[in-house]
Amino acid sequence: MKDYKLIFAVITVALVWGTTFLAIRVAVETIPAWFVAGIRQFLASIIMLIVLLSRKEFKWIGWKNLGYQIVFSTLMLIVANGMTTVAEESVSSSVASLISASSPILVFLGSVAIGLQKFSFKALTGVLMCFSGILFIFWDGLQDLANPDYRMGIIFLFCAITGWASGTIFTKKLNIQSGNISLNLFYQFLFAGIIQIIFAFIFSESYHFESWTLKSIFAMLYLAVFGSVAAFFAFHYALTKISPVQVSILAYINTIIAIFLGWLIMDEKISVKFIMAAVLIICGVFIINYKPEMFKRQKIE
């Protein structure tokens with residue numbers, strides 16, 4: 001507890017990643033979703049470039065490593081982050097955060113399918129709890145599925161968590177070494193930003209820049225500076241001090257914060273069934289990922 005930098009890093013990750021769903025929802029109120037995602041990643045790449053140049057660490061990473069970063073960027077940033085942003089044009093930030101919280105189910109099932117992880121009764125219990133929670137979401141908003149925009153938003157969310165899970169499994173399967181994290185992140189952000197801005201001009205029905213409100217613009221800037229850069233640095237600093245399983249606990253806090261802020265600021269309805277869904281999904285994911293060392297003091301050398 002005397003490591004104040006670690007405490008600050010943990011709080012930063014929990015709060016910032018917990019507010020990103022709300023920030024996305026605010027940003028897409030007047031800015032087309034692909035513009036929000038693309039400008040966010042492009043601005044983040046500029047910030048990373050400034051950091052790299054100031055440290056004199058900017059360099060070419062080679063074609064092989066670039067290929068890895070492009071695949072990772074495509075799955076985690078273009079598909080996962082981009083489609084989550086598109087989904088929030090028609091789906092509440094609370095629903096988006098809760099469905100996104102179930103992505104470890106796909107990571108686990110995919111890892112089992114390719115032999116990275118063994119199936120167990122404990123994991124089966126967690127998976128069934130998560131699926132039960134998802135059913136509660138649809139049961140609570142069954143009438144909303146009649147709305148084609150809402151239905152497409154849900155489909156985009158499932159595409160997003162599939163992309164995130166695939167990116168996670170891709171990294172685990174190839175055992176990619178992190179190398180210079182800042183350098184890799186620059187290439188990921190840059191590639192995703194360019195592709196998503198191209199998507200924005202292709203797929204946006206209208207992009208009248210004069211209609212973008214300051215509130216949405218500030219939300220987009222917040223996503224770039226804090227959601228994409230600050231939280232990432234804090235996350236990796238935390239990983240140097242505590243174990244990955246301990247850091248993973250933050251995911252549950254993120255979801256709770258996102259749901260609370262959606263209710264408090266955006267006046268999103270939180271029903272009893274929705275709360276039950278949240279409890280089931282969070283508990284299910286916790287059971288799947290539970291390891292005894294989660295709650296043991298541990299220092300990473």
Side-chain angles (χ1 to χ4, degrees), residues 11-48 50 77-78 80-101 141 144 147 149-150 152-154 156-157 160 189-190 192-235 253-270 274 278:
I11 292 174
T12 298
V13 174
L15 290 179
V16 173
W17 280 354
T19 59
T20 52
F21 290 97
L22 174 64
I24 289 172
R25 183 65 175 164
V26 172
V28 299
E29 285 182 341
T30 61
I31 304 175
W34 283 117
F35 274 111
V36 172
I39 294 173
R40 168 188 179 178
Q41 309 301 356
F42 189 75
L43 287 176
S45 72
I46 293 175
I47 295 171
M48 296 307 304
I50 293 171
L77 298 179
I78 297 176
N81 180 264
M83 289 196 170
T84 297
T85 307
V86 174
E88 286 204 50
E89 288 185 320
S90 55
V91 175
S92 71
S93 61
S94 299
V95 171
S97 65
L98 193 51
I99 291 179
S100 296
D144 295 327
N147 182 338
D149 291 334
Y150 180 84
M152 282 305 301
I154 294 296
F156 280 134
L157 281 174
F189 282 151
L190 181 64
I194 292 172
I195 297 299
Q196 288 173 329
I197 289 174
I198 292 172
F199 283 176
F201 283 104
I202 295 174
F203 297 116
S204 300
E205 294 181 1
S206 61
Y207 40 86
H208 302 295
F209 302 115
E210 66 276 5
S211 66
W212 295 9
T213 64
L214 282 176
K215 185 172 73 170
S216 293
I217 291 172
F218 281 130
M220 183 170 60
L221 293 175
Y222 174 84
L223 288 168
V225 176
F226 293 96
S228 291
V229 177
F232 179 86
F233 275 120
F235 177 75
I253 301 173
N254 297 339
T255 304
I256 294 169
I257 291 173
I259 293 172
F260 173 74
L261 290 177
W263 167 78
L264 180 67
I265 298 175
M266 301 299 292
D267 198 28
E268 295 175 356
K269 294 181 179 179
I270 306 297
F274 191 88

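Since this is a predicted model, take the numbers as computed values, not measurements.
Here I31 contributes atom CD1 and T213 contributes atom OG1; the two are 6.5 Å apart, rounded to the nearest 0.5 Å. M220 contributes atom CE, which lies 12.5 Å from atom CD1 of I24 (distance to the nearest 0.5 angstrom). Here the straight-line distance linking atom CH2 of W34 with atom CD1 of I197 works out to 12.0 Å at 0.5 Å rounding. A distance of 9.5 Å separates CZ of F21 from OG1 of T85, quoted to the nearest 0.5 Å. Rounding to the nearest 0.5 angstrom, the gap separating the CG atom in L261 from the OG atom in S94 is 9.0 Å. Rounding to the nearest 0.5 angstrom, the gap separating the CD1 atom in I257 from the CG atom in L264 is 12.5 Å.
The two residues A23 and A219 make their nearest non-hydrogen contact at O-CB, 3.5 Å. Taking both residues in full, the closest heavy atoms of Q41 and L77 are given as NE2-CD2, 4.0 Å, listed atom of the first, atom of the second, then distance. Here the shortest heavy-atom pairing between S100 and A96 reads OG-O, 2.7 Å. In terms of heavy-atom proximity, A231 sits nearest to G227 at CB-O, 4.0 Å. L157 and A87 get closest at one heavy-atom pair: CG-CB, 3.6 Å. Of all the heavy atoms in W212 and T30, the pair that sits closest is CD1-O, 3.3 Å.
Side-chain contact between I47 and F189 is absent, with no heavy-atom pair separated by less than 4.5 Å. Taking 4.5 Å as the limit, every side-chain heavy atom of S93 sits out of range of all side-chain heavy atoms of W263. You'll find the side chain of S97 reaches within 4.5 Å of the side chain of I259, heavy atoms only. In this structure, the side chains of L223 and L43 stay at 4.5 Å or more apart for every pair of heavy atoms. L190 places a side-chain heavy atom less than 4.5 Å from the side chain of F42. When side chains are defined from C-beta on, T84 does not count as touching F156, because their heavy atoms never get closer than 4.5 Å.
Side-chain atoms of S228 never come within 3.5 Å of backbone atoms of A44 as a donor-acceptor pair (strictly under, hydrogens ignored).
Applying the salt bridge (Lys or Arg N to Asp or Glu O under 4.0 Å) test to every pair with at least one member in residues 32-47, sequence neighbours left out, gives no pairs at all.
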>> Using side chain to side chain contact (heavy atoms under 4.5 Å, CB included), reason through I78 and F199 one step at a time and then give a plain yes or no.
In response: CA-CA 10 Å; I78 297 176; F199 283 176; 4.0 Å; yes
> Should N254 and T20 be marked as a side chain to side chain contact (heavy atoms under 4.5 Å, CB included) after you check the CA-CA gap, both sets of side-chain angles, and the distance that decides it?
Replying inline: CA-CA 9 Å; N254 297 339; T20 52; over 6 Å; no
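Checked against side-chain hydrogen bond (donor to acceptor under 3.5 Å, both in side chains), T19 has the following partners two or more places apart in sequence or in another chain: Y222. Applying the side chain to side chain contact (heavy atoms under 4.5 Å, CB included) criterion to M266, with sequence neighbours excluded, gives L22, R25, V26, E29, E268.
Other residues, nucleotides and ligands place more than 12 heavy atoms under 6.0 Å from the CZ atom of F203. The local environment of CD in E205 is sparse, with at most 12 non-hydrogen atoms from other residues, nucleotides or ligands closer than 6.0 Å.
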